[in-house]
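Here is the naming used below: chain letters follow the sequence lines, and residue numbers restart at 1 for every chain.
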2 protein chains.
Amino acid sequence: MSRGPDTRDAIVVAALAYADEHGIDSLTLRGLGRATGLHHTAIYRHFRSKEEILNALFEQIAAESMASLGEVPTDPGERIIAIALALRAGLHEHPAVAGAYLQPEASIADSLPARQLQGLILSSLSELGLEGHALAQRYQILESYVLGATAFDFSGAPAHLESRRQRHRMADGQDLEAESRETDTIDLLNEEAFALGLRTLVSAFTRDAQP
Amino acid sequence: MSRGPDTRDAIVVAALAYADEHGIDSLTLRGLGRATGLHHTAIYRHFRSKEEILNALFEQIAAESMASLGEVPTDPGERIIAIALALRAGLHEHPAVAGAYLQPEASIADSLPARQLQGLILSSLSELGLEGHALAQRYQILESYVLGATAFDFSGAPAHLESRRQRHRMADGQDLEAESRETDTIDLLNEEAFALGLRTLVSAFTRDAQP
DNA sequence: ACCTGAACACCGTTCAAGT
DNA sequence: ACCTGAACACCGTTCAAGT
């Protein structure tokens with residue numbers, strides 16, 4: 001483990017890998033200390049609390065998602081979709097973290113990348129022609145859908161796909177059996193469904209904003 | 001605390017009240033024992049684990065929501081909306097529980113009330129004219145939206161409204177200030193937004209199913 | 001059958017003591 | 001400045017012993 005100002009980043013990277021492999025519940029300070037070569041109490045030199053580490057994980061993913069965006073579409077509706085899908089993809093790579101921002105103490109909105117994402121969505125909705133109460137409502141729907149549905153879809157990571165598969169199989173006599181054969185299929189269905197729901201919402205918002 | 005076969009129910013009721021008042025993280029077996037007059041290890045006579053208690057909380061709320069439904073609308077789209085709003089209302093009464101089903105070990109789908117809700121939604125989508133892959137996708141969107149967005153909206157309970165208020169206020173220069181004055185206003189905005197998103201999705205699904 | 005008390009193997013966090 | 005080791009006040013869970 002390198003010393004100096006990069007130690008904090010190194011802890012975040014190690015914590016991300018640890019959570020991806022063992023699940024967020026298994027991420028303990030003692031385990032993280034072992035993974036980084038630091039004494040577990042030494043981590044408090046870089047983070048005020050474990051909660052701050054979890055917030056940093058989301059911040060890291062949000063920043064990666066923002067960076068992967070690159071050129072952003074000029075059409076405001078497509079821009080919203082691109083941003084949401086980029087964040088979804090970032091959380092898909094680290095599914096164990098997806099539920100972390102629902103912890104009672106989490107404050108993901110305070111981070112800079114989260115603020116940037118929020119600002120991009122808000123200005124896009126504004127470009128669509130929405131304002132005031134109608135804009136606030138639509139923003140809230142998108143935020144709750146993107147972050148909520150993603151947390152729900154990935155909760156239980158890394159075993160989330162298997163439980164989702166069983167949930168589908170459970171719906172016997174309802175023509176879902178063919179959709180529940182493989183966890184890969186479920187993963188694809190999940191991502192397709194998320195994108196379809198997102199497009200459905202954004203299309204409706206675009207229509208709502210028309211005179 | 002009454003003995004006998006009702007003890008389990010009494011524990012669930014006490015746990016629900018405890019979580020509502022102190023937050024789900026403060027719900028410990030020792031605290032629950034104190035609240036029920038039972039020794040904390042005696043709880044293991046009624047539940048295999050703490051996880052099983054959390055699942056029972058969701059089950060209880062789902063059952064209450066089902067019971068409050070009463071007469072169900074004949075129109076399949078309106079039926080989906082009524083069911084989803086009933087579950088949302090049940091979780092609104094116990095916001096601290098809303099995040100519990102996102103725990104890595106949660107298995108809410110195994111409970112009878114959850115299965116009943118799922119069956120009602122599936123048959124309603126089928127009545128709309130959806131089938132196979134299209135039906136599975138729409139079901140998945142609704143499940144992820146209803147449970148995910150609700151978990152997200154209520155996460156941090158009982159302090160969730162205050163943090164949500166600050167999140168809105170944070171979006172300065174974006175016309176949200178007027179929406180962020182009171183936590184009551186935020187609560188109303190939340191519920192309005194959830195219902196609007198739900199209706200938007202169901203309307204689109206109804207249209208998709210038309211020939 | 002149900003409950004009790006002690007114990008086990010963990011947690012996150014603090015803090016005086018080291019370099 | 002940064003790290004260490006011991007300790008504190010908790011957890012969920014187990015189990016022999018009680019009634």
Side-chain angles (χ1 to χ4, degrees), chain A residues 1-16 18-19 21-58 96-97 99-107 155-156 159, chain B residues 1-16 18-19 21-58 96-97 99-107 155-156 159:
Chain A
M1 167 69 44
S2 65
R3 301 291 164 82
D6 324 280
T7 308
R8 191 188 153 101
D9 285 343
I11 291 172
V12 169
V13 170
L16 212 46
Y18 200 103
E21 192 176 356
H22 302 103
I24 198 82
D25 275 6
S26 299
L27 177 64
T28 65
L29 285 169
R30 285 170 175 84
L32 188 54
R34 236 174 288 121
T36 54
L38 295 167
H39 197 267
H40 69 278
T41 64
I43 296 170
Y44 284 88
R45 291 281 140 192
H46 306 277
F47 296 90
R48 227 184 307 270
S49 64
K50 187 182 181 182
E51 176 211 331
E52 198 174 289
I53 300 177
L54 295 179
N55 285 334
L57 295 188
F58 178 80
V97 180
Y101 51 79
L102 292 179
Q103 292 297 111
E105 315 295 337
S107 59
S155 76
Chain B
M1 164 70 44
S2 64
R3 300 293 163 83
D6 324 282
T7 309
R8 191 188 152 100
D9 285 343
I11 292 171
V12 170
V13 170
L16 212 45
Y18 200 103
E21 192 175 356
H22 303 101
I24 197 81
D25 275 9
S26 300
L27 177 63
T28 67
L29 285 170
R30 283 169 177 84
L32 187 54
R34 235 174 289 122
T36 55
L38 295 167
H39 197 265
H40 70 277
T41 65
I43 296 171
Y44 284 89
R45 292 281 140 194
H46 305 278
F47 296 91
R48 227 186 306 272
S49 64
K50 186 181 181 183
E51 176 211 332
E52 199 174 289
I53 300 176
L54 296 180
N55 285 334
L57 294 188
F58 179 79
V97 180
Y101 51 79
L102 292 179
Q103 292 297 111
E105 316 294 336
S107 58
S155 76

Q: What integer distance in Å separates B/Arg8:CZ from C/dC3:P?
A: 14 Å
Q: Is the backbone N or O of A/His46 less than 3.5 Å from a side-chain atom of A/Arg8, with the two atoms forming a donor-acceptor pair by type?
A: yes
Q: When rounded to the nearest 0.5 angstrom, what distance separates CD1 in A/Ile24 from OG in A/Ser155?
A: 12.5 Å
Q: What stems show up for DNA chain C when you take Watson-Crick pairs (N1-N3 plus N6-O4 or O6-N4) and G-U wobbles (N1-O2, O6-N3), both under 3.5 Å, and require three or more consecutive pairs?
A: C:4-8 with D:12-16, C:12-16 with D:4-8
Q: Looking at CD1 of B/Ile11 and CD1 of B/Ile43, how far apart are the two atoms once the value is rounded to the nearest 0.5 Å?
A: 5.5 Å
Q: Applying ring pair (Phe, Tyr, Trp, His ring centres under 6.0 Å), name anything that partners A/Tyr18, two or more places apart in sequence or on another chain.
A: A/His22
Q: Expressed in angstrom and rounded to an integer, what is the separation of B/Leu38 atom CG from C/dC3 atom P?
A: 6 Å
Q: Can you name the atoms? Protein N/O to nucleotides 9-13 of chain C N/O, anything below 3.5 Å, with the distance.
A:
unit_1 : atom_1 : unit_2  : atom_2 : d
C/dG12 : OP1    : A/Lys50 : NZ     : 2.9
C/dG12 : OP2    : A/Leu29 : N      : 3.1
C/dG12 : N7     : A/Arg30 : NH1    : 2.8
C/dG12 : O6     : A/Arg30 : NH2    : 3.0
C/dT13 : OP2    : A/Tyr44 : OH     : 2.6
C/dT13 : OP2    : A/Lys50 : N      : 2.9
C/dT13 : O5'    : A/Tyr44 : OH     : 2.9
C/dT13 : O4     : A/His40 : NE2    : 3.3

Q: Calculate, to the nearest 0.5 Å, the distance between atoms OG1 and NE2 belonging to A/Thr28 and A/His40 respectively.
A: 9.0 Å
Q: Taking C-beta and beyond as the side chain, do B/Ile53 and B/Val12 meet within less than 4.5 Å on heavy atoms?
A: no
Q: To the nearest Å, give me how far apart NE2 (B/His39) and P (D/dT14) are.
A: 15 Å
Q: Would you check if A/Leu57 and A/Leu54 make a side-chain contact, meaning some heavy-atom pair closer than 4.5 Å?
A: yes
Q: Quick one: closest heavy-atom pair of B/Ala96 and B/Gly23, and the distance?
A: CB-CA, 4.4 Å
